[in-house]
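Report on the following structure.
One-based numbering along the sequence shown. Just so you know, ligand 1 is whichever comes first in the structure, and atom 1 is the first atom listed for that ligand.
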Amino acid sequence: MATTDTLPASDPVSFRRQADVLVVTIANPPVNALGVDVRRGLVAAIDAAEADGAVAAVLIVGAGRNFIAGADIREFGKPPLPPSLPEVCSRIENCSKPVLAAIHGAALGGGLEIALSAHYRLAVPSAKLGLPEVQLGLMPGSGGTQRAPRLVGVKAALDLMLSGRHAAAKEALALGLIDRLGEGADALPEGLAYAKELVSAKAPVRRTRDANALAEPETQRAALEAARAETAKKSRGLFSPMKIVEAVEAALTQPFDEGLALERKLFLQCIDSPQRAGLIHAFFAEREVLKAPETKAAKPRAIESCGIVGGGTMGAGIAVAMLDAGLPVTMIERDEPSLARGRAHVEKVYDGLIGKGRMTAEAKAAVMARFSASTAYDALADVDLVVEAVFEDMAVKKAVFAELDRVCKKGAVLATNTSYLDIDEIAASISRPADVLGLHFFSPANIMKLLEIVVPAKVGADVVATGFELAKKLKKTPVRAGVCDGFIGNRILAVYRQAADHMMEDGASPYQIDKAVRDFGYPMGPFQASDLAGGDIGWATRKRKAATRDPKARYVQIADRICERGWFGQKTGRGYYLYPEGARTGTPDPEVEAIIDAERRRAGVAPRRFSDEEIMRRYMAAMINEGANVVHQRIALRPLDVDVTFLYGYGFPRHRGGPMKYADTVGLAKVLADIREFAKEDPLFWQPSPLLVELVERGADFASLNQSE
Ligand code: COA
C-alpha cells in the first residue's frame, strides 16, 4: 500500500503531508483529465490518508491551469480500466477524514464530480465549474446526477447539466455548489488554510449524499417537470438530455445508491449511442483544425489594426467581428455615399443590440470610436491586415489589390474575402504575392463561426499563421482550405444542392426535401436556406457558370423560373416559400408547385415518389462524395476539416459529427454502393470519388486519414 512518503515523480497524482493535511496534487497535463493513472492515484491517496494516523484532513488540488477538466474523453468507447470514476468518487466520499477540494480553472464533468464527492469545496475566482457532458452526448456518470441535486436543488442542478454551461466561482458560491470563495489565483495556499481551519474546528466529514437541498419535494418535483417539458421541446432528436432528467428524477424518488445504479445504467446507454461518438469527434476535430502545418512552421505576424475594403453586408459584418475583438478598423469605400452606407451597416448591428437591451449607448460609442472610414486608400498605410470584401469580379478585385500594393506598409497581410475567385491570380497581379491570403467569412460575418483560411500557392507560412491567429482573436473556427472554385464549403454545397434539385425535378417537393433535411437534424433545409440567403445570389453564379457548364450535365431550371419572377426569398416576400407580411417562416406556395410541375413536363420527367430516407441517402451521398474529392485533391487537409466546415458554416447537426464522420458511421462501402446505384440513371453526376473507392478497397474509413500532419 502507498504511504504518505511515496512520491513517484512520473505519477500523475502525488501526495505529501504538510503538518496534518495530506495534500494530493493531480498533475496530468494538459488539463488533468481523469485517466486511469489519475483514478488509481486518487484511490491510493485516500488509502494513504486513511492509513496514516498523522493525517487529519485531505486537500485535493490540480497542478497547472486547471483543477480537473473531466473524465479522459479519449478513453470513452474503449474497454474500461479499473477503478471506475464512480468507485473513485465513492472512495473519496466515504473517507473517514474530511476531504477538501480547492478549485482553480476548470472543474468540469468528472472533475466537478470529484469535488462533489469531497466533503468541503473552495474555489478561487479563476474557477469554472460545470457538468458539460451533455455537449458530448453524455450525462454525468459518477454521481453528479445524484449529488448535485442534493446539494443545490433540482432546478440549479438540471440547469447546469442540461445547458452544460460553466458557472464562475461567485455563482457557484451563491448556488451552494461550493462552501467558500477564495481570493487569490493559487488554490493551494487558500485550500491549506481552509483545511487547517477545518481540522482545528474538528469539522466532521460531511457527505454530499446526505445533503438536504431536496427537502421540499413539491418545489423540486415542479422544477423537474418544468425541465422535462422544456427538454422535450428543445432537445428534439438528442438522446442524453432526457436521460439526465430521468436520472435526476431518481435523486428525488429513490435512495442514493439506487439512484447511482440508475445513473450508471443510463450513462452506459449514452456511451453506446452514435451521438456520443459524433459529438466527441466534433470536440476533437474543432481542436485539430487549429493544427495546420503553417501554424506549426511559422509565427504569426502581429495584428493590432485592420482595414476593410468594401462596406456592403459582408464588409460591414467583418468590420463588426473585428471591432468586437477590440481591434481598430478602417473602412474604405469608393465614394462618400457608399461610405455612409457602410458605416450605417456597422451601426445597425450595434443599434440592434441596444434595442434588445444587450448593449448601452455608451458601449456602442466606445466601439465606434475605434472605427474610421475613408475614401482614400492611403488611410490603410499603417494597418497590419486588410480584408478586401468588394464585388465578386476579378477586375474589380485586382484594382483593389493594386491600390493595397501601392499604399500598405511592408509586412501587411492582404486578404481577400472572395468566395470563389482564383486567389492565385489575384496574388500574381501584385508585387508581393507572399502576403496575399484568402479569408472567407460566412454571412452574417459577425455571427457565423466558420472562417475558411484559403492558402494560395505563393503565400508565406507566417501569413497563413496570421490568418489562424486572427480567427482566434475573432473567436472564429478556422479551417485551412486550398484554392478552387468554392473552396471546401461552397464547392461541396454546390454538388448536394444539385442533388436536391434533381430530386425536386424527379418528384420530391422542396417542402418534403426541406423537412427530411430538418428531421436529419439541420435547423433548415436547402430551399429554406436559399430563401434566407436570397435566390439572386445562386442565380448570378449559375449565369456566370453557364458558358463553362458541361452541356451533357443535367441542369434543373426550376430555380431560374422562380428567380425570373423576382422571387428571391424572404427579402422579396416569396421564393420557394411565401412570406406574407415579412414573416420569417415560410409557407408552401401552390404557384411554386405549379412551376415545378411545368418544368417536369418540359424536361419530360415522369414524377415519382421519394421516401424521406431516400432523399437523405442521395443528399448525403452527394455531400460525402464531393467531400472525398476535396480531401483527395488536398483542398481540405483531412476529412475532419470538411466536418468542421459543415458543423460551423452550414448547420450540419453536430451530434452526427460532420458529413465524413457520418459516412464512417453509415459505412463507406454502403455509401459507395448507393453512389453506384444512383449512377445508373446519371453517370455524369454520380462519379464515385477515387478516394472513396480506394478507402473501400482497403477496408479503411475517413477516420484513418484524420491523423494530424
Ligand atoms: N479529456 C481528454 N483530453 C482533453 C480533455 C478531456 N476531458 N479536455 C481537454 N482535453 C485536451 C484537448 O483535446 C486539447 O488537446 P490538444 O492540445 O492535443 O488539442 C488539450 O486538452 C487542451 O484543451 P483545450 O480545449 O485546447 O484548452 P483550453 O484551455 O482552451 O480549455 C477546457 C480547457 C478544460 C475548458 C476545455 O478543454 C474543455 O472544455 N474540455 C472538456 C471538458 C469536458 O467536457 N469535460 C467533461 C468530460 S465528460
(message) For Lys78, is there an ion pair with Glu75 - N to carboxylate O distance below 4.0 angstrom?
(response) no

(request) In plain terms, say whether Arg638 and Asp643 are close enough for a salt bridge, that is, a side-chain N and a carboxylate O under 4.0 Å apart. (result) no

(request) Answer yes or no on whether Arg180 is positioned over the face of Tyr194, meaning its NZ or CZ is under 6.0 Å from the six-membered ring centre and within 45° of the axis. (result) yes

(message) If I take atom CZ from residue Phe256 and atom CZ from residue Arg147, how far apart are they, to the nearest 0.5 angstrom?
(response)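 Separation between the atoms: 4.0 Å.
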
(message) For the CD1 atom of Ile492 and the CE atom of Met623, what is their distance to the nearest 0.5 Å?
(response)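 These two atoms lie 8.5 Å from each other.
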
(message) Counting only heavy atoms and a distance below 4.0 Å, can you name the residues contacting ligand 1?
(response)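 Around ligand 1, where the cutoff is 4.0 Å for heavy atoms, the contacting residues are Pro30, Val31, Ala33, Arg65, Ala69, Ala71, Asp72, Ile73, Arg74, Phe76, Ala106, Leu108, Gly109, Lys128, Pro132, Glu133, Leu136, Phe283, Phe284, Arg287, Lys291.
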
(message) Using only atom types and a distance under 3.5 Å, with no angle test, would you say the side chain of Glu190 pairs donor to acceptor with the backbone of Gly184?
(response) yes

